[in-house]
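Read the structure below first, then the notes.
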Amino acid sequence: MTTELKQYMQKNLRAVQMKELSILCTVTDICKRNEIEYWLDGGTLLGAKRHGGFIPWDDDIDICIRDTDTERFKKIMLSELPKDLFLQTPDTDPSYNSTIMKIRDNNSLLVEFGDDFTRDYHKGIFIDVFPMTDYPSVSKTFCKKIAGGYCKANSILHKQHLYSWRSVTEMIWFGAKRAYTRALWWVAEKTCMKGEFFAPLICNNGIGFMHKKDAVFPLSTIEFEGVTFRCPANTDVYLTEQYGDYMQLPPEEKRGIHASFYIEKLV
């Protein structure tokens with residue numbers, strides 16, 4: 001990233017954050033009205049706990065919902081989102097091949113590293129929505145290995161591939177790895193008890209973490225940028241499970257933004 005681009009990104013970061021906050025408020029208001037449980041997650045929850053709002057260098061927002069609410073969530077969002085917002089899934093945006101559900105702003109642009117401009121999918125500023133589900137009672141090591149392996153293979157398989165013997169080899173190797181890790185997870189789901197752990201769908205859990213269910217429910221509240229949102233029951237346990245010593249700031253060289261470019265308002 002050039003010095004000029006870096007300065008542009010820093011100058012416009014706060015405007016992007018405020019756009020994301022606006023999307024979050026709209027989505028959570030719809031959830032409240034329709035009695036859909038949601039809670040802040042990831043860097044958003046970390047920012048609320050450690051900074052009272054956005055992590056100063058962060059440029060995304062994550063929320064979670066119950067997996068059992070996913071279809072109702074989609075239906076309601078399609079019906080009640082204002083015209084300036086868009087629910088993005090592979091069903092609503094056929095060129096979009098990610099497994100992550102997003103709510104996008106229709107009058108902005110946010111380019112992520114790895115975005116494919118040969119595909120005409122929506123690239124507006126967004127918030128991420130992660131359905132979470134009951135996990136089998138497996139070890140954290142097993143979960144990290146299987147979920148991480150599955151997500152890596154799935155990500156590579158969904159990238160654009162130009163024809164070459166290397167790409168053919170990759171497709172075969174990572175196709176087999178995805179099938180193998182998914183099969184192992186299926187066996188774990190069928191043979192191990194559930195109810196102790198709660199985590200994102202395996203296709204969205206590249207880190208391979210699991211949360212104790214009693215650290216998530218019953219939901220509580222937390223302040224984020226001066227607005228009250230729902231959060232896990234025990235934010236300390238929840239964040240420690242995900243980040244370890246989450247109150248410790250990362251070194252400056254790791255305080256990077258996720259996007260490679262953004263425009264807060266197109267017209």
Side-chain angles (χ1 to χ4, degrees), residues 38-50 55 58 60-70 89-90 97-102 112-114 127-159 170-171 173-217 231-248 250-251 254 256 258:
Y38 78 89
W39 58 99
L40 302 187
D41 183 58
T44 310
L45 180 62
L46 174 57
K49 183 76 171 179
R50 194 171 67 192
I55 297 172
D58 199 11
D60 72 348
I61 284 180
D62 302 320
I63 66 170
C64 291
I65 61 173
R66 291 177 183 265
D67 181 38
T68 51
D69 283 333
T70 301
T89 70
N97 64 2
S98 172
T99 58
I100 301 175
M101 181 163 48
K102 300 178 183 289
E112 297 183 275
F113 295 97
I127 70 170
D128 287 323
V129 183
F130 293 98
M132 292 183 72
T133 189
D134 285 298
Y135 264 35
S137 294
V138 296
S139 71
K140 291 183 179 180
T141 300
F142 178 85
C143 180
K144 186 174 183 177
K145 182 176 181 180
I146 298 303
Y150 179 88
C151 287
K152 180 178 179 180
N154 202 43
S155 175
I156 290 174
L157 291 171
H158 278 87
K159 287 182 179 179
E170 283 185 348
M171 295 291 284
W173 171 259
F174 286 104
K177 184 175 182 179
R178 183 175 65 176
Y180 174 69
T181 51
R182 190 67 187 90
L184 288 179
W185 192 251
W186 181 86
V187 171
E189 287 185 313
K190 296 300 181 183
T191 58
C192 299
M193 292 191 307
K194 290 184 177 181
E196 182 182 7
F197 297 107
F198 210 59
L201 301 177
I202 187 174
C203 60
N204 292 329
N205 193 3
I207 300 175
F209 60 86
M210 302 185 295
H211 293 297
K212 287 278 191 176
K213 202 166 186 178
D214 59 10
V216 183
F217 303 110
C231 71
N234 191 326
T235 55
D236 180 61
V237 171
Y238 192 97
L239 288 169
T240 299
E241 289 170 342
Q242 195 162 351
Y243 297 107
D245 184 9
Y246 63 89
M247 294 301 288
Q248 179 68 40
K254 292 188 177 182
H258 295 88

* Checking Y135 side chain against H211 main chain: does a donor-acceptor pair fall under 3.5 Å? -> no
* Measure the NZ-CZ distance between K177 and R182 for me, rounded to the nearest 0.5 Å. => 15.5 Å
* More than 12 foreign heavy atoms under 6.0 Å from NZ of K213: is that the case here? -> yes
* Just checking, any donor-acceptor pair under 3.5 angstrom between side chains of Y150 and N205? -> no
* Asked: What do the steps show when you test Y38 against C64 for side-chain contact (heavy atoms from CB on, under 4.5 Å), and what is the final call?
  -> CA-CA 5 Å; Y38 78 89; C64 291; over 6 Å; no
* Asked: Between A215 and P232, what is the shortest heavy-atom contact and its length?
  -> O-CB, 3.4 Å
* Can you check side-chain contact (heavy atoms from CB on, under 4.5 Å) on L201 and D67, steps first, answer last? -> CA-CA 8 Å; L201 301 177; D67 181 38; 3.9 Å; yes
* Nearest-0.5 Å distance, SG of residue C143 to CD1 of residue I202 -> 7.0 Å
* Rounded to the nearest 0.5 Å, how far does CE of M247 lie from OG1 of T240? -> 10.5 Å
* **For P136 against M210, the heavy-atom pair lying closest together** => O-SD, 4.3 Å
* Structure fact -> Smallest heavy-atom separation, Q242 atom then G42 atom, equals NE2-CA, 3.7 Å
* Evaluation steps, side-chain contact (heavy atoms from CB on, under 4.5 Å), between T141 and K144 -> CA-CA 5 Å; T141 300; K144 186 174 183 177; 5.9 Å; no
* To do: Would you check if there is a donor-acceptor pair between the side chains of W39 and Y238 at a distance under 3.5 Å?
  => yes
* Asked: Going from CG on L40 to CG on L46, what distance comes out if it is rounded to the nearest 0.5 angstrom?
  -> 11.5 Å
* To do: Would you check if the distance from the ring center of Y180 to the ring center of W185 is below 6.0 Å?
  => no
* Non-hydrogen side-chain atoms of N97 and P90 separated by less than 4.5 Å -> no
* Looking only at non-hydrogen atoms, find the nearest pair between T191 and V187 and report the distance. => OG1-O, 2.7 Å
* Spacing of NE2 belonging to H258 relative to CG belonging to D60, to within rounding of 0.5 Å -> 4.5 Å
* Kindly indicate whether the side chain of F130, heavy atoms from C-beta on, has any atom under 4.5 Å from the side chain of I100. => yes
* Asked: Does the pair E241/K212 count as a salt bridge with the N-to-O cut at 4.0 Å?
  -> no
* Residues M132, R66; criterion side-chain contact (heavy atoms from CB on, under 4.5 Å); working and verdict -> CA-CA 5 Å; M132 292 183 72; R66 291 177 183 265; over 6 Å; no
* Residue pair N204 / T99, side-chain donor-acceptor N/O under 3.5 Å -> yes
* With a cut-off of 6.0 Å (strictly less than), are more than 12 heavy atoms of other residues, nucleotides or ligands near NZ of K194? -> yes
* Structure fact -> On a heavy-atom basis, the closest approach of G206 and C151 is N-SG, 3.5 Å
* Asked: Just wondering, do D128 and I61 contact through their side chains at under 4.5 Å, heavy atoms?
  -> no
* To do: Calculate, to the nearest 0.5 Å, the distance between atoms CD1 and CD1 belonging to I127 and I63 respectively.
  => 4.5 Å
* To do: Indicate whether the side chain of Y246 and that of D236 have a donor and an acceptor atom separated by less than 3.5 Å.
  => yes
* Closest non-hydrogen atom pair between D62 and T44, with its separation -> N-OG1, 2.8 Å
* Flag yes if more than 12 heavy atoms outside F217 fall under 6.0 Å of its CZ atom; otherwise flag no. => yes
